[in-house]
Amino acid sequence: MTQPATAAPQNAPTPAAKPTEEKGSSRLTGLRWDVRTLSLLAVLAVLVAVGGITAPDEFLATSNLQLVLTQASVIGVVTVGMTFVITSGGIDLSVGAMVALASVWATTVATQDFGFAGILFTAVIVGVGCGLVNGLLIAYGRMVPFIATLAMLASARGLALQITDGSTQVVTVRSVLDLGGRDSYVLGIPPLVLIFAAVTVIGWLLLNRTTFGRRTVAVGGNAEAARLAGIDVRRQRLYLYLLSGLCCGIAAFMLIVLAGSGQNTNGNLYELDAIAAAIIGGTLLSGGRGTIVGSVLGVLIFTTITNIFALNNLETAVQQIAKGAIIVAAVLVQRRAPHGDT
């Protein structure tokens, strides 16, 4: 009868080693993320150096740097939403089409009659509405994300073309146009860059400091295990596509401010740029791992490349080849990296 009493203390120390192992794993994961982030920063620094050497007067000018950040802001907001979707193991091929539809719907004459608030509200609600359709089809209609969002891509593009009849819808609301002017800059920073910064901060907090973010990672890592853990996987996926649509609506409004018009061709290839930026930033295409900071750095890298090529009058074909090479390199790096880091 005394043997069971003596056995318990012998087994007791075993679980005590677990917290140490978890802490060690956490530190290792943080180190891997630091290395990945530093690598992206190094690539961006090299690109800035190349731009400064090849076109010193133009590239390093304050106006050009402001332009680079402004151009990165629109696709950057879309990429934040895309990062959440990819982290959950999904994909959204319709982001560019949603931006186009939201931008033309928000710039119709009837919408512009409601002024600044009418344009902003319409752009956001159209984006959220498209995201809702995607989410319902994928989460509750059990459609494959690739097929559902591909259908949305075609439908939204077609509806945008029907609304505009192929013409450009010019914005006449002065308060919207003024937002893109230099007089609206805050300490030399364009308002669109500030919007991008705000979306980035909110996205980072949402992914890394909330239950919503942890559920997103869990669903992407193993949807069945997440379901058994009590997570409503279908509802989570619906929320994620709603978030993607919201980001597209915000980006559509930013594009309206930047271009001063709405066109059915807006957002062309945004889906490819957003996916590429997220991937080279470190978000795992199969899901279960995502990084907002990496995605933002990916956007800045691609935008800087485009700017350097434009300033040096290089062919667009060469630019696309360079982007493709970067994407391939990023995927190869991901394949070599351990899959346990999150």
Side-chain angles (χ1 to χ4, degrees), residues 36 40 43-44 71-101 127 130-131 134-135 138 143-154 156-157 196 199-200 203-204 207 216-217 219-221 237 240-252 255 266-306 319-335 337:
R36 186 178 292 114
L40 291 171
V43 171
L44 185 59
Q71 291 175 337
S73 297
V74 180
I75 184 62
V77 170
V78 175
T79 303
V80 170
M82 182 69 79
T83 300
F84 277 89
V85 171
I86 295 178
T87 301
S88 72
I91 198 74
D92 192 346
L93 300 180
S94 64
V95 290
M98 288 194 291
V99 169
L101 179 59
C130 291
N134 280 338
I138 294 167
M143 289 186 66
V144 177
F146 183 91
I147 300 300
T149 57
L150 185 62
M152 176 58 71
L153 183 157
R157 283 287 179 194
F196 176 36
V199 171
T200 299
W204 185 89
L207 184 60
T216 299
V217 174
V219 170
R237 284 175 173 159
L240 288 166
Y241 283 95
L242 280 172
L243 179 60
S244 179
L246 173 62
C247 288
C248 289
I250 296 172
L255 196 57
N266 283 345
N268 188 34
L269 297 181
Y270 271 20
E271 55 278 356
L272 299 184
D273 289 341
I275 293 171
I279 291 174
I280 72 167
T283 298
L284 198 61
L285 191 58
S286 57
R289 186 180 73 197
T291 162
I292 298 296
V293 173
S295 295
V296 169
L297 290 175
V299 169
L300 292 176
I301 287 172
F302 278 141
T303 307
T304 303
I305 290 175
T306 301
Q319 172 186 325
Q320 298 300 327
I321 293 173
K323 284 185 176 181
I326 292 175
I327 295 170
V328 171
V331 172
L332 289 176
V333 170
Q334 282 194 1
R335 288 174 63 89

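A distance of 10.0 Å separates OG1 of T83 from CD1 of I279, quoted to the nearest 0.5 Å. Summarising the geometry, atom CG belonging to N134 is positioned 12.0 Å from atom CD1 belonging to I91; distances are rounded to the nearest 0.5 Å. Rounding to the nearest 0.5 Å gives a distance of 9.5 Å between OG1 of T87 and CZ of R289. Atoms OG1 and CG, from T216 and L207 in turn, are 6.5 Å apart once rounded to the nearest 0.5 Å.
Considering only residues two or more places apart in sequence or on other chains, S244 meets the side chain to side chain donor-acceptor pair (under 3.5 Å) condition with D92. Partners of A277 by side chain to side chain contact (heavy atoms under 4.5 Å, CB included), not counting sequence neighbours, listed by chain and number: T79, V299, F302. D273 pairs by the side chain to side chain donor-acceptor pair (under 3.5 Å) definition with nothing, not counting sequence neighbours. Every residue meeting the side chain to side chain contact (heavy atoms under 4.5 Å, CB included) condition with L150, not counting sequence neighbours, appears here in chain and number order: L93, F146. Partners of T306 by side chain to side chain contact (heavy atoms under 4.5 Å, CB included), not counting sequence neighbours, listed by chain and number: Q319, K323. By the side chain to side chain contact (heavy atoms under 4.5 Å, CB included) test, L40 is found to be paired with L297, I301, residues two or more places apart in sequence or in another chain being considered.
When all heavy atoms of A97 and E271 are compared, the closest pair comes out as N-OE1, 4.5 Å. Considering all non-hydrogen atoms of both residues, Y241 and G90 come closest at OH-CA, 3.8 Å. A pairwise comparison of heavy atoms in I138 and A148 identifies CG1-CB, 3.6 Å as the closest pair. Of all the heavy atoms in C130 and L101, the pair that sits closest is SG-CD2, 3.8 Å. The minimum heavy-atom distance between T291 and S295, with the atom names listed, is O-OG, 3.0 Å. When all heavy atoms of T303 and A72 are compared, the closest pair comes out as OG1-CB, 3.5 Å.
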Legend entry - side-chain contact (heavy atoms from CB on, under 4.5 Å) assessment of L285 paired with I86: CA-CA 6 Å; L285 191 58; I86 295 178; 4.2 Å; yes
Inset, instruction - Check the pair R157, N268 against side-chain contact (heavy atoms from CB on, under 4.5 Å), reporting the backbone distance first and the verdict last. - result: CA-CA 10 Å; R157 283 287 179 194; N268 188 34; 4.2 Å; yes
Legend entry - Stepwise side-chain contact (heavy atoms from CB on, under 4.5 Å) test for C248 and V99: CA-CA 5 Å; C248 289; V99 169; 4.0 Å; yes
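Side-chain contact between V74 and F196 is absent, with no heavy atoms from C-beta onward closer than 4.5 Å.
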